[in-house]
J.: 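Here it is: the structure, laid out below.
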Amino acid sequence: MNELVQRLSEGEHPVEASIRPEKTATALKECIDRGYVHIKFTNTRGGTDLGVRLDPKASNFNEADFENQKGQVHLVGDLTLNYVKVRCIADIDLGTLEGKGHLEPVDV
């Protein structure tokens, strides 16, 4: 398995919602509504920014108050990183747009 994939699959890692041009909870909601978000693993060399196609059934937005930037979202989605199919799982706090996350390799 790829070294980066293996490292991000072990334990929890600091992540942030990578949103441009403005980093707000409202902008994150717009990404969620489109079904595609960018999650950045911040503790890798230079950071690892991943585009994640969300799985709406596995994700959870029940604790989210986007308007007041409170609560958190549980984001789950699949992608391919360095030719390895993985599932990204991240919990993001809407006040800071930061949280914890990890990858899970997906058997093909």
J.: For the CD atom on Glu63, are there more than 12 heavy atoms of other groups (residues, nucleotides or ligands in this structure) within a distance under 6.0 Å?
T.: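 Open: at most 12 neighbouring heavy atoms sit under 6.0 Å from CD of Glu63.
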J.: Counting N and O atoms only, with roles assigned by atom type, does the side chain of Thr48 sit under 3.5 Å from a partner on the main chain of Thr44, one being a donor and the other an acceptor?
T.: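 The answer is no, because no donor-acceptor pair under 3.5 Å joins these two groups.
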J.: Of all heavy-atom pairs between Thr26 and Phe66, which one has the smallest distance, and what is that distance?
T.: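 Closest approach of Thr26 to Phe66, heavy atoms only: OG1-O, 4.4 Å.
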J.: Residues in salt bridge (charged side-chain N to carboxylate O under 4.0 Å, His left out) with Glu3, at least two apart?
T.: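 Checked Glu3 against salt bridge (charged side-chain N to carboxylate O under 4.0 Å, His left out); matches are Arg7.
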J.: Is there a side-chain contact between Cys88 and Phe41 in this structure, where contact means two heavy atoms from C-beta onward sitting under 4.5 Å apart?
T.: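 Cys88 vs Phe41: side chains touch.
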J.: Salt-bridged, Lys29 to Glu67, with N to O below 4.0 Å?
T.: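 No, this pair does not count.
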J.: Starting from the C-alpha separation in whole Å, work towards a yes-or-no answer on side chain to side chain contact (heavy atoms under 4.5 Å, CB included) for Arg20 and His38.
T.: CA-CA 10 Å; Arg20 292 182 183 88; His38 282 89; over 6 Å; no
J.: Please evaluate residues Leu97 and Glu16 with respect to the criterion side chain to side chain contact (heavy atoms under 4.5 Å, CB included), reporting the C-alpha separation (whole Å), side-chain torsions for both, the decisive distance (0.1 Å), and the verdict.
T.: CA-CA 6 Å; Leu97 296 180; Glu16 66 182 23; 5.8 Å; no
J.: If I compare all heavy atoms of Cys31 with all of Val37, which pair ends up nearest, and what's the gap?
T.: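 The answer is CB-CG1, 3.8 Å.
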J.: What I want to find out is whether Asp55 reaches Arg87 closely enough, with some N-O distance under 4.0 Å, to be called a salt bridge.
T.: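 Between Arg87 and Asp55 there is a salt bridge, with a charged N closer than 4.0 Å to a carboxylate O.
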J.: Under a single-linkage definition using a 4.5 Å side-chain heavy-atom cutoff for Ile, Leu, Val, Met, Phe, Trp and Tyr, are Ile32 and Val76 assigned to the same hydrophobic cluster?
T.: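 No, separate clusters.
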J.: What closest approach, in Å, do Ala64 and Val73 show between heavy atoms, and which atom pair accounts for it?
T.: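 Where Ala64 meets Val73 most closely, the heavy atoms are CB-CG1, 3.6 Å.
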J.: Got a salt bridge between Lys100 and Asp91, using NZ or NE/NH1/NH2 to carboxylate O under 4.0 Å?
T.: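 Not counted as a salt bridge, because no side-chain N and carboxylate O are separated by less than 4.0 Å.
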J.: For residues Leu54 and Ile89: do they belong to one hydrophobic cluster (side chain heavy atoms under 4.5 Å, members Ile, Leu, Val, Met, Phe, Trp, Tyr)?
T.: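 In one cluster with Leu54: Ile89, no.
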J.: If you compare all heavy atoms of Gln69 against all heavy atoms of Ala25, which two are closest, and at what distance to 0.1 Å?
T.: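 Closest approach of Gln69 to Ala25, heavy atoms only: CG-CB, 3.5 Å.
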J.: Take Arg53 and Leu79 through the side chain to side chain contact (heavy atoms under 4.5 Å, CB included) test and state the conclusion after the steps.
T.: CA-CA 7 Å; Arg53 183 156 315 283; Leu79 66 135; over 6 Å; no
J.: Give the minimum heavy-atom separation between Val15 and Ala90, together with the two atoms involved.
T.: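 Heavy atoms only, the tightest pair is CG2-CB, 4.2 Å.
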J.: Can you tell me which residue pairs pass the salt bridge (Lys or Arg N to Asp or Glu O under 4.0 Å) test with a partner in residues 36-47, sequence neighbours excluded?
T.: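 Residue pairs with at least one partner in residues 36-47: there are none.
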J.: Indicate yes or no for a side-chain donor-acceptor contact from Thr24 to the backbone of Ala27 under 3.5 Å, with no hydrogens or angles considered.
T.: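 Between the backbone of Ala27 and the side chain of Thr24 there is a qualifying donor-acceptor contact (under 3.5 Å).
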J.: Are Leu81 and Ile39 linked, directly or through other ILVMFWY residues, by side chains that come within less than 4.5 angstrom of each other?
T.: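 Leu81 and Ile39: one cluster.
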J.: Closest approach of Val106 and Asp78, non-hydrogen atoms and distance?
T.: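 So the two residues come closest at CG2-OD1, 4.4 Å.
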J.: Give the intermediate values and the outcome of side chain to side chain contact (heavy atoms under 4.5 Å, CB included) for residues Val86 and Thr80.
T.: CA-CA 6 Å; Val86 294; Thr80 301; over 6 Å; no
J.: Considering only heavy atoms from C-beta outward, does the side chain of Leu75 approach that of Val52 to under 4.5 Å?
T.: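 No; the side chains remain at least 4.5 Å from each other.
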J.: So, Ser18 side chain and Asp49 main chain: donor-acceptor pair closer than 3.5 Å or not?
T.: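 Pair absent, no side-chain N/O of Ser18 close to backbone of Asp49.
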J.: Could you tell me whether the side chain of Asn68 and the main chain of Lys70 form a donor-acceptor pair under 3.5 Å?
T.: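 Looks like no, no N/O pair under 3.5 Å.
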J.: Within a 6.0 Å radius of atom CD on Glu22, are there more than 12 heavy atoms belonging to other residues, nucleotides or ligands?
T.: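 Result for CD/Glu22: open.
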